[in-house]
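Not measured: the values here are computed from a predicted model. Note that the numbering runs from 1 along the sequence shown for the chain.
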Amino acid sequence: EETSNEMIDLIEKKYIRTRRGFGGKTLEHTHNFIAAGINHEVNRNDELDRHVHLFIPNMTQTKEGKMLTIDIRYLMKQQKLFGAISRSKLASKLQREGIEIEVDDPQHGFYHVKGISRDIEDNFSTRTAEIEVEKAKSDSISAASSQAITLKTRKAKNHKVDIDKIFSDTSYFLKNAGINIELNTQNNEVNEQEKKMIFDDVLQQMELKNFSFTHDEIIQNVLNAGLSAQIQLNE
């Protein structure tokens with residue numbers, strides 16, 4: 001919830017804008033919007049899956065008080081960046097609490113809690129497995145086709161879910177699986193020189209792959225690569 005609130009604040013300050021004038025050629029950052037964070041505890045297969053849906057009505061208020069639409073295409077383009085920022089915030093909070101992480105995919109910023117095996121993850125990811133099975137049958141792996149498969153395979157939500165039983169069953173399973181996450185009590189703070197080395201390495205790799213790239217693409221790649229170093233947006 002804390003991370004969600006931080007993301008809402010960031011989006012409002014930096015990424016809410018409207019288009020004005022002839023053909024919408026004039027861009028104006030309004031720095032305000034209405035948003036609702038909707039907390040969900042389970043997925044559609046009634047597995048424990050805590051996540052937040054951010055609902056943003058398509059309206060923003062200008063300085064003179066006019067209500068105009070948000071430049072929604074610009075906002076949607078930032079989805080990968082928002083994901084990188086959220087994951088980096090959560091990774092940093094976990095590590096500050098002494099919970100170690102292991103990075104699976106530094107390019108995309110995917111990680112898991114150290115001590116949780118892939119088998120344990122898969123046991124609580126049957127929804128993901130369903131989607132992957134259908135993807136394997138498809139000739140296309142585009143974003144549009146992936147979304148279509150997700151919609152095709154999902155079943156109706158169970159609005160009578162017993163969340164207490166799901167928590168209890170999950171806790172019982174983990175206990176019997178022998179899960180033991182040891183807290184790291186050592187101070188593993190990464191110094192600024194190491195963080196700069198990560199930044200320089202990411203920038204070098206981007207320069208080798210692309211002729212040009214944006215400021216936000218640099219941020220996204222550095223945050224993904226700097227999860228273990230706890231690199232944050234303000235840095």
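- Contact annotation: the side chain of Gln107 never approaches that of Asn224 to less than 4.5 Å [non-hydrogen atoms, C-beta and beyond].
- Under the rule for a side-chain contact (heavy atoms from CB on, under 4.5 Å), the partners of Glu207 that lie at least two apart in sequence or sit in another chain are Leu203, Phe213.
- Phe110 belongs to no hydrophobic cluster with other residues, because no ILVMFWY side-chain heavy atom falls under 4.5 Å from its own, directly or through intermediates.
- Taking the salt bridge (Lys or Arg N to Asp or Glu O under 4.0 Å) definition, one finds that Asp49 meets it with nothing, sequence neighbours left out.
- Between the Thr60 side chain and the Asn32 main chain, a donor and an acceptor come within less than 3.5 Å of each other.
- The hydrophobic cluster containing Phe55 also includes Ile38, under a criterion of side-chain heavy atoms closer than 4.5 Å among ILVMFWY residues, counted directly or through chains of members.
- Among residues two or more places apart in sequence or in another chain, the side-chain contact (heavy atoms from CB on, under 4.5 Å) test is passed with Lys165 by Asp162, Asp169.
- Residue pairs meeting the ring pair (Phe, Tyr, Trp, His ring centres under 6.0 Å) criterion with at least one partner in residues 149-178, sequence neighbours excluded, are Phe124-Phe173.
- Sorted by first and then second residue, the ring pair (Phe, Tyr, Trp, His ring centres under 6.0 Å) pairs with a member in residues 84-106 form an empty list; sequence neighbours excluded.
- For Glu64, the salt bridge (Lys or Arg N to Asp or Glu O under 4.0 Å) criterion is met by Arg20, not counting sequence neighbours.
- Considering only residues two or more places apart in sequence or on other chains, Arg118 meets the side chain to side chain donor-acceptor pair (under 3.5 Å) condition with Glu121.
- Dense packing is recorded around NE2 of His53, with more than 12 heavy atoms of other residues, nucleotides or ligands lying under 6.0 Å away.
- For the residue pair Glu28 and Thr62, no side-chain donor N or O sits within less than 3.5 Å of a side-chain acceptor on the partner.
- Under the rule for a side-chain contact (heavy atoms from CB on, under 4.5 Å), the partners of Gln79 that lie at least two apart in sequence or sit in another chain are Met76.
- Glu41 pairs by the side chain to side chain donor-acceptor pair (under 3.5 Å) definition with Arg50, not counting sequence neighbours.
- No side-chain donor-acceptor contact under 3.5 Å links His40 to the backbone of Val52.
- Remark: Gln193 CD to Met197 CE distance equals 7.0 Å, nearest 0.5 Å.
- Defined by atom type and a distance below 3.5 Å, a donor-acceptor pair is missing between the side-chain atoms of Thr69 and Arg19.
- Glu217 and Asn210 form no side-chain donor-acceptor contact under 3.5 Å, judged by distance and modelled atom types alone.
- By the salt bridge (Lys or Arg N to Asp or Glu O under 4.0 Å) test, Lys77 is found to be paired with no residue, residues two or more places apart in sequence or in another chain being considered.
- Looking at Glu102, its side chain never comes within 3.5 Å of a backbone N or O of Lys114 through a donor-acceptor pair.
- A donor-acceptor pair under 3.5 Å is absent between the side-chain atoms of Ser86 and the main chain of Gly83, judged by distance alone.
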